[in-house]
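Reviewing the structure listed below.
Hydrogens, waters and symmetry mates play no part in the numbers below; they use all other heavy atoms, side chains included.
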Amino acid sequence: MAKVPAAYQASRGSVLDVDRDFYSRLRDPADRERIAQHVVPLRDGLAWTVPAGHVLRLSTLHGPQVGDFNLWSLHNPRERFWASRTRQLQRAHVSTFDRLWSTLPYLRPMATIIADTLEGYGVDDDGGRVHDLLGTRCDPYVNKLLTGEDFDHHCHSNLVRAVAPFGLTEFDVHDVLNVFQCTGLNEEDQYFMKACPAREGDYIEFFAEIDLLCALSCCPGGDLSLDLWGPDAKDPLSTCQPIGVEVYRLDPALLKGWQPPQYAPYRGGHGMRGPAIDWAQEKRQRGL
């Protein structure tokens, strides 16, 4: 069968044309200094900041565990991670050299994956792959519909609590990157989840292209080896582990010539023009 080409393809020199040599150079542990370290507790969430030009590492500290990862622009939380566009511009399961993109009207890379110890997992016999953009966070609303029970530690709720100290609310929590999670679509085009293939010490690293506010939930489903709903559902607490967070400052020499990406350059106004005062304010904000 002939391979169907991707809908979105990089032209030479475009923002999709990733400089792999540059990002590969950022992996050397000798050229970085750890400036922050956190642990996301099991069945809970945590939020933290990452300055532009720094590296973020998420790691499975003690064994397999999936996490739900959200990102925002630190200085403008209206600009946030856009899972569906990232899925289109990159792929449905991301790994090294894929980028995480922000929402309209900003549309720029927020972070670039520079290392992934699970990148060799590939596609398993069931069609499962790792680091998932197909699904989204578990939430107490779906759980109530499926079980009739209230549970306050789903990933959505964990993220809500995590970002509250930064002035954000439930309305700011959005679709996630499911790190370390193995998923796919079955023969009936239905979403499935499999047991997490990560082991103790596995990690994924991101280069922050802009100043970031990040939040992660340690999924209450643990490693997803047990059914969460349905006739065989069990409490997966015994499969839950914490996730490690580390932030690294890089040797400035490595970043020579690098600049945070600019907003998407479209300025057409969608064929509309608001009041002149609004247009003038937008021009000032964009530095035009």
All pairs passing ring pair (Phe, Tyr, Trp, His ring centres under 6.0 Å) where residues 111-143 contributes a residue, at least two apart | H131-F180
Cation-pi between R108 and Y263: NZ/CZ under 6.0 Å from ring centre and within 45° of the ring axis?
-> no
Mind checking whether L16 and L89 have side chains closer than 4.5 Å, heavy atoms only?
-> yes
Could you walk me through whether L226 and T239 pass the side-chain contact (heavy atoms from CB on, under 4.5 Å) check?
-> CA-CA 8 Å; L226 299 176; T239 73; 4.1 Å; yes
State the CG-OG1 distance between D175 and T86, to the nearest 0.5 angstrom.
-> 10.5 Å
For Q37, look at atom CD and say whether over 12 heavy atoms of other residues, nucleotides or ligands are found less than 6.0 Å away.
-> yes
Would you say I35 and L254 are hydrophobically clustered, going by side-chain heavy atoms of ILVMFWY under 4.5 Å?
-> no
Going by heavy atoms in the side chains, are C155 and C219 under 4.5 Å from each other?
-> yes
Roughly how far, to the nearest 0.5 Å, is CZ of R78 from CH2 of W72?
-> 15.5 Å
L185 side, atom CG; L134 side, atom CG - distance, nearest 0.5 Å | 5.0 Å
Looking only at atom types and distance, does a side-chain atom of D132 sit under 3.5 Å from a main-chain N or O of G135, one as donor and one as acceptor?
-> yes
Scan for side chain to side chain donor-acceptor pair (under 3.5 Å) pairs involving residues 206-222, sequence neighbours excluded, and state none if there are none.
-> Y23-E209, H75-D211, R99-E209, T112-E209, N158-S217, E209-W258
Does the pair H93 and R87 meet the rule for a side chain to side chain donor-acceptor pair (under 3.5 Å), with working shown?
-> CA-CA 8 Å; H93 297 82; R87 188 167 61 242; over 6 Å; no
Check the side chains of Y106 and N76 for a donor-acceptor pair under 3.5 angstrom, ignoring hydrogens and angles.
-> yes
Does N186 reach the main-chain N or O of E188 with its side chain, forming a donor-acceptor pair under 3.5 Å?
-> yes
Going by heavy atoms in the side chains, are Y266 and P105 under 4.5 Å from each other?
-> no
Run the side-chain contact (heavy atoms from CB on, under 4.5 Å) check on F97 and I114 step by step: do they pass?
-> CA-CA 6 Å; F97 303 125; I114 64 169; over 6 Å; no
Please walk me through it: do E170 and H156 pass side chain to side chain donor-acceptor pair (under 3.5 Å)?
-> CA-CA 8 Å; E170 178 175 8; H156 178 80; 2.9 Å; yes
Stepwise side chain to side chain donor-acceptor pair (under 3.5 Å) test for D116 and S95 | CA-CA 6 Å; D116 174 16; S95 188; 2.7 Å; yes
According to a 4.5 Å side-chain heavy-atom criterion applied to Ile, Leu, Val, Met, Phe, Trp and Tyr, with indirect links allowed, do F81 and L46 form part of one hydrophobic cluster?
-> yes
Using 4.0 Å as the upper bound for N to carboxylate O, is an ion pair formed by D235 and R43?
-> yes
Identify whether the distance between the nearest side-chain nitrogen and carboxylate oxygen of R25 and D31 falls below 4.0 Å.
-> no
Please tell me if the side chains of L177 and L133 come closer than 4.5 Å, counting only heavy atoms from C-beta onward.
-> yes
Salt-bridge present (D124, K194; N to O < 4.0 Å) = yes
Hydrophobic cluster identity match, V40 and F206, side-chain contacts under 4.5 Å | yes
Can you get from L146 to L224 by hopping between Ile, Leu, Val, Met, Phe, Trp and Tyr side chains that sit under 4.5 Å apart?
-> yes
With a 4.5 Å limit on heavy-atom distance, are the side chains of N178 and T183 in contact?
-> no
Hey, is the main chain of A6 close enough, under 3.5 Å, to the side chain of Q9 for a donor-acceptor pair?
-> yes
Considering non-hydrogen atoms only, spot the tightest contact between T103 and E79 and give its length.
-> OG1-CA, 3.9 Å
Just by distance, do the side chain of D202 and the backbone of R199 share a donor-acceptor pair under 3.5 Å?
-> yes
Between P261 and I210, which heavy-atom pair has the shortest distance, and what is it?
-> CD-CG2, 4.3 Å
Keeping the roles fixed (side chain from R137, backbone from H174), state whether a donor-acceptor pair exists under 3.5 Å.
-> yes
Does the pair S157 and D152 meet the rule for a side chain to side chain donor-acceptor pair (under 3.5 Å), with working shown?
-> CA-CA 6 Å; S157 301; D152 296 331; 5.6 Å; no
Residue pairs meeting side chain to side chain donor-acceptor pair (under 3.5 Å), one or both in residues 49-67, sequence neighbours left out, come to R57-E205
With a 4.5 Å limit on heavy-atom distance, are the side chains of L145 and N143 in contact?
-> no
Is it the case that one hydrophobic cluster holds both L74 and W48, taking links as side-chain heavy atoms less than 4.5 Å apart, direct or via other members?
-> no
Derivation and outcome, side-chain contact (heavy atoms from CB on, under 4.5 Å), residues R27 and T96 = CA-CA 11 Å; R27 301 173 186 166; T96 310; 3.2 Å; yes
For the pair R80 (side chain) and D172 (backbone), establish whether a donor and an acceptor sit closer than 3.5 Å, ignoring hydrogens and angles.
-> yes
Shortest non-hydrogen contact between V50 and A208, atoms and distance | CG1-CB, 3.7 Å
Which atoms form the tightest heavy-atom contact between P51 and V247, and what is the distance?
-> CD-CG1, 4.4 Å
Atom CZ of R91 with >12 non-hydrogen neighbours under 6.0 angstrom = yes
In this structure, which one of L71, V179, L56, V176 forms a side-chain contact (heavy atoms from CB on, under 4.5 Å) with L216?
-> V179
Is the closest side-chain heavy-atom distance between L250 and L26 below 4.5 Å?
-> yes
Taking every heavy atom of P197 against every heavy atom of L118, the minimum-distance pair comes out as O-CD2, 4.4 Å
Can you measure from CH2 (W82) to OG (S102) and round to the nearest 0.5 angstrom?
-> 9.0 Å
Please test L58 against F69 for side-chain contact (heavy atoms from CB on, under 4.5 Å), starting from the C-alpha separation and ending with a verdict.
-> CA-CA 10 Å; L58 304 177; F69 187 43; 4.3 Å; yes
Decide yes or no for F151 and P220: does some side-chain heavy atom of the first lie under 4.5 Å from some side-chain heavy atom of the second?
-> yes
Would you name the heavy atoms of D68 and C138 that are closest together and state the gap between them?
-> OD2-N, 4.0 Å
Is it true that a side-chain atom of R32 and a backbone atom of D251 form a donor plus acceptor pair closer than 3.5 Å?
-> no
